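All of these numbers come straight from a predicted model, not from anything done at the bench. Numbering starts at 1 and runs along the sequence shown.
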Amino acid sequence: ICNTNSIKEADKIGKAALQKRLCACYGIIPRIKSVYFWPPKSNRIEISKGPLLVLETLEKNYKKISILIKKLHSDEVPFIGQWKMENVNQTFYAWLKDELR
């Protein structure tokens with residue numbers, strides 16, 4: 001999962017990961033608001049609405065996806081994280097593994 005600044009940016013990163021077979025699919029989730037201090041260590045509060053990009057993949061691709069995101073992302077410090085997959089139905093998991101390199 002990573003934050004993005006626009007649907008266009010999320011789509012650009014998602015398509016690049018998909019074309020490289022680093023993810024089996026991706027989703028873009030709109031956000032109502034993201035609030036944070038920027039620049040770092042300042043007292044200035046920044047507000048944005050950039051969507052979240054969710055890339056469905058396996059843990060083995062995390063490092064390659066992180067590198068790709070850093071290369072394509074417009075932020076100096078994009079959020080890049082992962083959720084642990086648990087209790088995924090076997091049919092979906094088999095499809096996911098077959099789609100990845």
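- With a 6.0 Å radius and a threshold of 12 heavy atoms from other residues, nucleotides or ligands, Ile67 has its CD1 atom above the threshold.
- Of all heavy-atom pairs between Pro51 and Ile7, the closest is CG-N, 3.8 Å.
- Taking the side chain as every heavy atom from C-beta outward, Asp75 and Asn5 approach each other to under 4.5 Å.
- When side chains are defined from C-beta on, Leu96 counts as touching Met85, because their heavy atoms get closer than 4.5 Å.
- Interatomic distance, NZ of Lys12 versus CG of Leu53, reported as 13.0 Å (0.5 Å rounding).
- Side-chain atoms of Arg31 and Asn3, non-hydrogen and from C-beta on, do get closer than 4.5 Å to each other.
- Put simply, CD on Glu9 and CD1 on Ile69 are 10.0 Å apart, with the number rounded to the nearest 0.5 Å.
- Side-chain contact between Lys70 and Ile80: present, with at least one pair of heavy atoms (C-beta onward) separated by less than 4.5 Å.
- Smallest separation of non-hydrogen atoms from Cys23 and Gly14: SG-O, 4.3 Å.
- Residue Thr4 comes nearest to His73 through the heavy atom pair CA-NE2, 3.7 Å, listed as atom of the first residue, atom of the second, then distance.
- By the 4.5 Å heavy-atom criterion applied to side chains, Trp95 and Asn89 are not counted as neighbours.
- Under the 4.5 Å side-chain criterion, counting only non-hydrogen atoms from C-beta, Tyr36 is not in contact with Ile45.
- The two atoms that bring Ala16 and Leu72 nearest to each other are CB-CD1, 3.6 Å, heavy atoms only.
- Shown here for Glu99 and Ala24, the closest heavy-atom pair between the two residues is CB-CB, 3.8 Å.
- Asp11 and Ile28 get closest at one heavy-atom pair: N-CD1, 3.8 Å.
- Looking only at side-chain heavy atoms (C-beta outward), Asn61 and Arg21 stay at 4.5 Å or farther from each other.
- No chain of hydrophobic side-chain contacts below 4.5 Å, direct or via other Ile, Leu, Val, Met, Phe, Trp or Tyr residues, connects Ile47 to Trp38.
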